[in-house]
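Right, one structure below, let's go through it.
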Amino acid sequence: MIRTGKQYIEGLRAPREVYVGGERVVDVTTYPAFHEPIQSYARLYDMKHDSQYQDILTYTEEPGGERYDISYLVPKSKEELKAKGRAYHTYARASYGCLGRGPEFMAALIAGMWESTDWFEQWGEGGAQKVADYVRYVRDNDLFLTHALGNPQSDRSKPSHQQANPYIHLRVKEETPEGLIIRGAKQLATAAPVTDEILVFPNGRQFGPGDDAYALCFAVPTTTPGVKIICREPLVPESRNVYDHPLSSRFEEMDALIVFDDVLVPWDRVFFYNSLTAANNMRFMTGVAAFSGHLSVHRATVRAALTVATAMKLCNSVKTDVFPNVGELLGRLAALYKAQEALLFRCEEEPRVSETGTYWVNGDALSASGLLFPDFYTTMLDVIKRTGAAGLMLTPTLGEFTGEVADLANTYFAGADDMPGVDRVQIAKLAWDLAGDSVGQRLSHYERFYIGEPMFVASFFARSADMGLGRELLENILAEGRALRDAALESRPGS
Ligand SMILES: Cc1cc2nc3c(=O)[nH]c(=O)nc-3n(C[C@H](O)[C@H](O)[C@H](O)COP(=O)(O)OP(=O)(O)OC[C@H]3O[C@@H](n4cnc5c(N)ncnc54)[C@H](O)[C@@H]3O)c2cc1C
């Protein structure tokens, strides 16, 4: 089934424990900080019913059968992999690449669990079936998931079981015939207040001896008794409009810490527990990272396209782009965008085919994008700030261009080639929403951290990247030197 935006919003009315600013939110659908993001997510659901997009965003298992979001598909051909890519691109365009965690993100991620159901069987009989049943349930009901993988920062120098409070990191408290009772917290769950389900699994940090009770993977409905969602302070004041804040008015995704206060997780929702090996390997041995990463490369590429074009238009609006130093900066941004685009292309054009016939995006290109894009993006935002200069600050509101001083504002905020002030300021406002506004800053922070701690991801890549050509060349050079050395040794007098 595919839900409509209205059905998604109706589902959110089920009572849940969400806190913002110290107060419990009675109805997330009407709460100001959530209202616009919910509409943005709802539009993504509606797109699946729109004839313009339906065949791109959905698939059926047999001709004329039930439609499902294509993010759930485990691709068995290059065409299917690229079809998923087309859907991710379409979703990303709908939010200008600014929603990192629309419903399709976790749909893509748990398709990676579906691909790897056999892996779960190792940690308990029936594990594979439980995962398959869960993914099918989520897909068939077109649910919106969040995930909470990390432990609260508390004291990073100590393992979970040595924290001052042994229940600050989420752990098993008790086993009962019905399931596990769990207590503690997990972070950071983007979009949590407005989702249907929460999936928890370890983020690949290495748990050590003594941490067994903390090593678990499960899912519960967001409305489960004892689940408390504590949100950060909202970044966007109420009632922004799309002229003054074209992105932040619509696309602020909330982040939250989730406290599990003696929550019962039924056995059919426990995918593994008490297993350090499972916890330390799930991220690397299943499809979760690669399948969700495929979507993220599309999103990053779409936002990069917008960001670089915005930098160019900003400079062109006051003709600073005629200066060679500015031109060089813009040219370098274009090169970064094209590099990102090339990584995306390689992800899909050179996939890896597994023994089970699944088509995985090219792992090297995916990791390279995940590691490089945060720096690409930081550079893009920096160029906007350096070239926009005062123009990014002097941005009156739409009111100035429609009220008493409209003529003055259009005259004195004008750009080059008689561009009216209202048009020039609009460009500067978009640039500021990307590069300076707190929602833009959050997005940049998101790029740096969404794939997990970059240090661990990079050091894993150092071991996994295909360095075949380099190694071959290296061995050749070393062999050349060794041959010279051997010849020299042989020609030594007396040898
Ligand atoms: C905007 C945003 C959205 C996010 N959304 C989600 C989400 O939806 N779901 C989710 O699960 N997560 C989410 N995350 C969390 C993200 O996965 C983490 O931020 C990331 O994994 C880094 O972990 P951390 O923030 O706990 O940093 P920490 O682990 O606390 O690291 C902080 C610093 O300490 C260093 N450090 C920490 N431990 C060690 C160590 N053992 N050895 C050496 N150095 C160390 C790190 O290198 C880093 O510089 C989000 C994060 C952001 C910023």
Side-chain angles (χ1 to χ4, degrees), residues 1-12 37-77 79-95 97-117 131-147 190-191 194-199 219 221-222 253 286-299 302 348 358-361:
M1 133 185 196
I2 43 171
R3 287 195 294 179
T4 60
K6 190 159 173 263
Q7 287 170 320
Y8 155 62
I9 294 173
E10 272 160 15
L12 293 180
I38 286 175
Q39 304 310 311
S40 299
Y41 294 135
R43 269 193 291 278
L44 299 180
Y45 275 108
D46 282 337
M47 282 169 69
K48 291 186 252 194
H49 294 268
D50 182 333
S51 57
Q52 189 183 348
Y53 302 115
Q54 187 166 73
D55 287 340
I56 299 173
L57 300 179
T58 66
Y59 76 107
T60 60
E61 287 188 333
E62 67 276 317
E66 187 83 63
R67 283 192 184 270
Y68 308 107
D69 191 309
I70 198 170
S71 313
Y72 293 104
L73 184 69
V74 175
K76 295 294 179 185
S77 67
E79 287 65 40
E80 287 186 350
L81 184 74
K82 290 174 76 168
K84 291 190 76 174
R86 260 193 307 284
Y88 297 152
H89 176 85
T90 306
Y91 277 131
R93 282 183 71 123
S95 68
C98 292
L99 288 178
R101 295 293 161 83
E104 71 283 5
F105 176 86
M106 285 300 293
L109 184 145
I110 66 166
M113 285 173 73
W114 211 353
E115 200 290 333
S116 311
T117 43
V131 168
D133 289 348
Y134 180 66
V135 180
R136 201 168 282 112
Y137 164 75
V138 170
R139 179 196 68 164
D140 293 356
N141 292 283
D142 204 10
L143 299 179
F144 188 172
L145 269 61
T146 184
H147 65 343
T190 297
V194 297
T195 58
D196 306 300
E197 289 267 331
I198 302 167
L199 175 68
T222 309
E253 297 192 286
T286 71
V288 290
F291 277 52
S292 59
H294 183 195
L295 174 147
S296 298
V297 185
H298 273 283
R299 180 196 36 71
V302 165
E348 293 177 354
T358 300
Y359 277 64
W360 294 64
V361 284

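Just so it is clear, the values below take in all heavy atoms, side chains as well, and ignore hydrogens, waters and symmetry mates.
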Can you spot which of Asp140, Asp55, Asp142 makes a salt bridge (Lys or Arg N to Asp or Glu O under 4.0 Å) with Arg67? Asp55
Going by side chain to side chain contact (heavy atoms under 4.5 Å, CB included), name the residues that satisfy it together with Lys76, two or more places apart in sequence or in a different chain. Val74, Glu80, Thr356, Thr358
Could you work out, with side chain to side chain contact (heavy atoms under 4.5 Å, CB included) as the rule, every residue matching Ala111, not counting sequence neighbours? Lys84, Phe291
Check: Asp196 main-chain N/O paired with Thr222 side-chain donor or acceptor under 3.5 Å: yes
Do Ile70 and Thr58 have side-chain heavy atoms sitting under 4.5 Å apart? no
Which word best sums up how the rings of His89 and His298 line up, parallel for under 30°, tilted for 30 to 60°, or perpendicular for over 60°? perpendicular
What are the two closest heavy atoms between Val194 and Phe144, and how far apart are they? O-CD1, 3.6 Å
Name all pairs fulfilling the side chain to side chain donor-acceptor pair (under 3.5 Å) condition that reach into residues 286-297, sequence neighbours left out, sorted by first residue then second. His294-Glu348
Side chains of Tyr91 and Asp69: does their closest heavy-atom pair fall under 4.5 Å? yes
For Tyr68, is the NZ or CZ atom of Arg139 found under 6.0 angstrom from the centre of its six-membered ring and inside 45 degrees of the ring axis? yes
Can any side-chain N or O of Asn141 pair as donor or acceptor with the backbone N or O of Leu143 at less than 3.5 Å? no
Would you name the heavy atoms of Leu73 and Pro75 that are closest together and state the gap between them? O-CD, 3.3 Å
With side chains defined as the heavy atoms from C-beta onward, is the minimum distance between Leu109 and Leu199 less than 4.5 Å? yes
Is the side chain of Thr146 donor-acceptor paired with the backbone N or O of Thr190 at a distance under 3.5 Å, no angle test? yes
Looking only at non-hydrogen atoms, find the nearest pair between Thr90 and Ile56 and report the distance. OG1-CG2, 3.5 Å
So which heavy atom on Ile2 is nearest to which on Gln7, and how close? O-OE1, 4.2 Å
Indicate the atoms forming the closest heavy-atom contact of Gly65 with Thr60, along with that distance. O-CG2, 3.3 Å
Under a 3.5 Å threshold, yes or no: a donor from one side chain and an acceptor from the other, between Arg3 and Tyr45? yes
Can you give me the closest heavy-atom contact between Gly100 and Glu253, atom names plus distance? N-OE1, 2.8 Å
